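Here the structure comes first, spelled out in structure tokens, and everything after it is commentary.
Lettering of chains follows the sequences in order, A, B, ..., and the numbering in each one begins at 1. Computed from a predicted structure; not experimentally measured.
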There are 2 protein chains.
Amino acid sequence: MTQSEQKIATSPSSARERTRAPARARLARILERLNEGGSISVTDIAQEFGISDMTVRRDLAELERDGLLERVHGGAVGLKRGPLEVIDDAEPAFEARTRQNAERKARIAQAAARHVAGRKAIAFDLGTTVLAAANAIVEAGPDPQLRAFSNSLHVGMTMARAGIATYMSGGLIRAEEMSLTGKEAVDGFSRYYFDVVLLGASGMTAEGVFDYSPEEAAVKSVFLQRSAERVLLMDSSKFRRISTVLIATLSEISTLITDAPPPPDLATVLASAGVRVLVADPSHLPERSLE
Amino acid sequence: MTQSEQKIATSPSSARERTRAPARARLARILERLNEGGSISVTDIAQEFGISDMTVRRDLAELERDGLLERVHGGAVGLKRGPLEVIDDAEPAFEARTRQNAERKARIAQAAARHVAGRKAIAFDLGTTVLAAANAIVEAGPDPQLRAFSNSLHVGMTMARAGIATYMSGGLIRAEEMSLTGKEAVDGFSRYYFDVVLLGASGMTAEGVFDYSPEEAAVKSVFLQRSAERVLLMDSSKFRRISTVLIATLSEISTLITDAPPPPDLATVLASAGVRVLVADPSHLPERSLE
DNA sequence: ACAAAAATGTTTTATTATGTTCGAAACGGC
DNA sequence: GCCGTTTCGAACATAATAAAACATTTTTGT
């Protein structure tokens, strides 16, 4: 599953995650070749590394799940970028992240939109998954009484464009996320209460939920404190990954919406922390609960 | 030139054309050739890839089904127009206004960028002209010490994307302008002082400067109070026009940057109100002052 | 060192892509 | 209009690839 993505930032002390260097090197090399030629074939890769076709397919399947390539009969091709984009110069990093795991995020977003249907005051955190959820809510024909709150410029524009009353905090813009940070951002939300908050994050372990940016942690904290329900949107590639800053312990989360069941160890602690887990199924089943 | 040696993903090591590139890669290549030459023939493609004519036909049929080309006897030709890739879905009204008087606004924006070069704290009001000025400042290679302040989401994203420290107010989003309004917006700027504010407006008479939206007037008022220099950006089509709400009297404006000299009566009152008028000339004269 | 877990390899079976044949249709010259 | 030539498309045959199930090896944690 996630065997190759573990070794990001583990401290030498608590290195209880298994790491497999050879496989990782192979995956990196596969992506490299993909960027060189635009496409790769299964048998070529198998010959290059002296491994079986089956293993190559498994590698490709994993890379595809993480949204890094697209499998086709006989091999794989890179993700199609828009043909000759000259128009929009939206920050490339964000664009790229939007494409990553796009399908999973779409499923999560759909599930989230259904989950919060009917709520009147929704807070939107940062990240591409949350933005996808905002889009899904808009497309689902939102309640006209809905009021949205966010410190993400992307979310704000999305919701406002759809005619939804949208409140933003003030603050200093962090360009990477187009998010508002700092004391103003925290204060801006400190006078409201929300029915539900949709949170994004970059990692989760038994310890809790992690994110990259310390600047944004404070706002997330406010959202957590002031929301009746705290919904975390996170695709399964982030399970068992840690990151810079601990946002919340698991017990602070009401509901986790994801695209695949968490690994057994996480599932256990999630259950004991009272987190409701919704798995957004690829089939059109509305929601599958497994608490 | 690229028709003979175009193995798409052959391994550099041993495997020489032992395996074919995935079918999907072939489709991409076919489209590529179509865009180069305008038309392609079945037999040419078959030879290039070393596949049978029948397979080429199946490929072309698939591409035609996707609306990417038009099959003709013996091959295929490209479509007259690329299949409309509409990526940016910024609100049309704003888009349309951006195009209106685009050339005048560009000239004004250039002049404004030169005018505020070196200032450290710039406040940006709303409107397409001000946004154009923000873009011009970014493209001119802004001072890294510059701090920008705005209640316009468009301006905020533009500046932040360029790596400029950008502060936004909070507030309720007004979708038409993607602006932040209300008490939070006013309060958000009430603790700062600015070297200069770039103001937009929709009309001007001897009485003063007008704009459409009452919601935004309060923020403009704050900008005016707290800025050392108050620069109004307004194209000449707005002279002698009034609008919903009076933002400021002429004496509150330090500088007017426009694209053509104001009519005599306005020029007189502007002069007596102590407004410096800069006309951004279409020729490359930097600035022409006529106070 | 051991046992458990994960990764990889192997075999089998299904699926898909490609090649071939051949009659029908389209094209170009007369 | 006729004709010979080329191209097309349907049907079937074959090769290539994918997926599933199981066996084997490697790694990991105790």
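What separates CZ of B:R24 from C1' of C:dT18 is a distance of 18 Å, to the nearest Å. Rounded to whole Å, atom C1' of D:dA18 lies 10 Å from atom CG of A:D53. Atoms CD1 (A:I51) and P (C:dA7) sit 13 Å apart, rounded to a whole Å. Between the CD1 atom of A:I45 and the C1' atom of D:dA18 there is a distance of 17 Å, rounded to whole Å. Per the geometry, CZ belonging to A:F49 stands 17 Å off P belonging to C:dA7, to the nearest Å. Rounded to whole Å, the distance from CG on B:D59 to C1' on D:dG9 is 15 Å. Rounded to an integer number of Å, the gap from NE2 of A:H73 to P of D:dA15 is 15 Å. At whole-Å resolution of the value, CG in A:L27 and P in C:dA7 are 11 Å apart.
From A:L224, atom CG reaches atom CG of A:L199 across 5.0 Å, with rounding to the nearest 0.5 Å.
For the OP1/OP2 pair of C:dG9 and a distance below 4.0 Å, the side-chain nitrogens and oxygens of A:T55 include at least one atom meeting the criterion. OP1 or OP2 of C:dT18 sits under 4.0 Å from a side-chain N or O of B:R26. When the side-chain nitrogen and oxygen atoms of B:R57 are compared with OP1 and OP2 of D:dC8, one or more of them lie within a distance under 4.0 Å.
Looking at heavy-atom distances under 4.0 Å, A:V56 makes no contact with the nucleic acid at all.
Using a cut-off of 4.0 Å between Lys/Arg side-chain N and Asp/Glu carboxylate O, A:R29 and A:E32 are scored as salt-bridged. A salt bridge does not link A:E252 to A:K220: none of the charged side-chain nitrogens sits closer than 4.0 Å to a carboxylate oxygen. Checked for salt-bridge contact, A:R104 and A:D235 meet the test: a charged N lies under 4.0 Å from a carboxylate O.
Between the base of D:dG9 and the side chain of B:R58 there is no donor-acceptor pair shorter than 3.5 Å.
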Test side chain to side chain donor-acceptor pair (under 3.5 Å) applied to A:S179 and A:N151, step by step: CA-CA 6 Å; A:S179 63; A:N151 62 329; 5.3 Å; no

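Annotation: of the two residues near DNA chain D, B:R71 and A:M54, the 5′-most nearest-nucleotide partner is B:R71.
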